[in-house]
Amino acid sequence: MNTHRQRGIVLITSVTVVMLLTSLGAALLMRSLNENLVGQRSATRQDAFYLAEAGLDQASINLRTPPPAENPQWIVADDIVTQTLPTGRFDLDPPQPMGVNIWQVTSHGISGSEQRDIQAVYQLIPQSVFQFAVFGDLNVTVSGNAETDSYDSRIGVYNDEPGPGYNKDHNGDIGTNSTAEGGIDLGGSIFVDGQLVVGPGVADPTSVVEDYDPSFITADPKVISATDTFPLPPVSVPPGLPCEDRSLVNDEVVTLTPDGGPLGNGTYCFHDLKLAGGSTFSSSGPVKVYITGTLTAKGNSATVGTSGAPKDMLILMTPESNAVIEDAALAGTTDFYGAIYGPGADINIFGNAEIFGSVVARSVNVTGSALIHYDEGLNDLTTITNIYQRRVVSWQELE
C-alpha cells in the first residue's frame with residue numbers, strides 16, 4: 001500500500017510539474033512572440049520614419065525649382081512625388097506656399113501597415129544659374145590651348161597684372177550634369193584655374209573626365225561629383241516679342257537700352273544674329289537678348305557686351321516652337337562680355353575668342369586659344385531662371 005501510495009504521489013507530482021513547466025513555457029513563448037511582434041512593429045515604424053525623411057530630402061530637391069506660388073498644385077516635370085524603396089514608399093503632398101519664398105511640405109512614409117508623417121518648412125534662397133565659367137548639361141569638350149579663370153566685375157575689369165587693380169581669381173570652374181565617361185573631355189593643353197564638377201552620385205569623379213591631367217587643374221580637390229543635378233529650366237520668348245534677323249558688319253555699332261526693344265523693357269529677340277567686321281553689339285544697361293536661331297560673332301575684333309558690366313548683356317538661347325536651335329559660334333578675335341544661357345543649345349567657342357562672363361548650355365565645345373574668364377559678379381543674377389538654394393526653417397512629426 002505504501003509503495004502504491006508513493007508511486008501515486010510521484011505521478012501526481014510529475015504531472016503537476018509538467019503542467020507547470022508547460023504553462024510557463026507557453027507563457028514565455030507568448031511573451032517572446034509578443035516581444036517579437038512589438039520589435040517588428042517598432043522596426044517597421046522606424047522604417048516608415050526613415051521613408052518620410054527620404055521624402056523630405058526629395059522635396060528639397062524638388063523645391064530647387066518650385067512651382068509658382070499662385071498654383072502650388074502644379075508639378076514641375078522633373079519632380080518626384082512618390083517613390084518605392086526596399087522598405088516601403090514615400091508620398092509627398094503638393095507643397096504649400098507660406099509666404100515669399102517660404103514653402104511647407106508634408107511627407108508620408110509608409111512601411112507595411114505603419115505610416116509616419118513629417119512636415120517641414122523650407123526657406124528658398126534665389127540662386128544664379130551662372131555658377132561656372134563653362135557648363136554643359138550633356139558634355140563639355142575643350143581642346144587646343146584654352147584657359148579658364150575668374151574675376152569679379154563688381155570690383156572692376158579683369159586684370160591679371162600683379163599690383164593695383166589686380167582682379168583675377170581661381171574659380172574658373174567647368175561643370176556638367178553628365179555621369180558618363182567623356183562628360184568632360186579635356187584635350188590639348190587646357191589650363192583650368194578652378195575645379196571640374198561632374199554629375200551626382202559618381203564614386204570616382206575622374207572617371208567622367210577624358211584626358212584627365214591633374215597638373216592642368218589648380219583646385220583641390222580637382223574633380224568632384226555634385227550633390228544633385230544642376231537644374232536648367234527651359235527658356236521661352238515672352239509673349240508679343242517679335243524675333244527678327246540682324247547682321248552687323250563694317251564697324252557698325254548697335255547699343256541696346258534698358259528701356260528699349262519692342263516691349264519697352266530692355267528685352268530683345270533675334271532669330272539669326274550675325275556680328276563681324278569689327279562691329280560692336282553692346283548695351284547701356286541691363287538687357288536680355290533672346291536668340292531663336294543662330295548667334296554668330298566672328299573675327300576682326302567683333303565686340304559683344306560692355307567690358308565693365310558683363311551682367312548687363314544676357315543672351316538667352318531658346319528653341320522656337322518645334323524648331324531645333326542651331327549652334328552658336330564665337331570665333332576669331334571676338335571679345336564677349338556677358339552671359340549665355342541656352343539649356344537646349346550647342347555652343348562652340350573657337351579661335352582666339354575671349355569670354356568675360358559665363359556660358360551655360362546643353363553642350364559646349366571650346367577649341368583653339370580661347371580664354372574664358374568667369375565673372376563672379378554674375379552671382380547677383382538670380383531672376384533669370386527659377387532655381388533656389390533651400391534651408392529648413394522648421395520640422396515636426398505629425399501625430
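Worth knowing before you read on, the calculation uses all heavy atoms, side chains too, and leaves out hydrogens, waters and symmetry mates.
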Strictly below 4.0 Å, N to O, side chains only: are Asp346 and Arg362 in salt-bridge contact? yes

Whether Ser128 side chain and Leu378 backbone form a donor-acceptor pair below 3.5 Å: yes

Check ion pair Asp220-Lys222 (N to O, under 4.0 angstrom): no

Could you check Asp245 against His271 for side chain to side chain donor-acceptor pair (under 3.5 Å), going step by step and ending with a plain yes or no? CA-CA 5 Å; Asp245 292 337; His271 179 251; 3.2 Å; yes

Going by the angle between their ring planes, with limits at 30° and 60°, are Phe270 and Tyr268 parallel, tilted or perpendicular? parallel

Minimal non-hydrogen separation, Leu51 against Ser107, with atom names: O-OG, 4.4 Å

Crowded around Glu181 CD? As in, over 12 foreign heavy atoms under 6.0 Å? no

Output yes when Lys311 and Asp380 qualify as a salt bridge under the 4.0 Å nitrogen-oxygen rule, no when they do not. yes

Between the side chains of Asp228 and Arg64, is the shortest nitrogen-to-carboxylate-oxygen separation below 4.0 Å, so that they form an ion pair? yes

Test of understanding: with side-chain contact (heavy atoms from CB on, under 4.5 Å), list the residues that count as partners of Thr255, not counting sequence neighbours. Val253, Ser282, Ser284

Under 3.5 Å, is there a donor-acceptor pair between the side chain of Asp272 and the main chain of Thr294? yes

Check whether any side-chain N or O of Ser279 sits under 3.5 Å from a backbone N or O of Leu275 as a donor-acceptor pair, and report yes or no. no

Ring centres of Phe216 and Phe191 under 6.0 Å apart? no

Aromatic ring proximity Phe336/Phe356, centre distance under 6.0 Å: no

So which heavy atom on Ile80 is nearest to which on Leu92, and how close? O-CD1, 3.6 Å

Are there more than 12 heavy atoms of other residues, nucleotides or ligands under 6.0 Å from atom OH of Tyr50? no

Considering only distance and modelled atom types, tabulate donor-acceptor pairs under 3.5 Å from the side chains of residues 53-60, sequence neighbours left out.
residue: Gln58; atom: NE2; partner: Asn62; partner atom: OD1; Å: 2.8
residue: Ser60; atom: OG; partner: Arg390; partner atom: NE; Å: 3.2

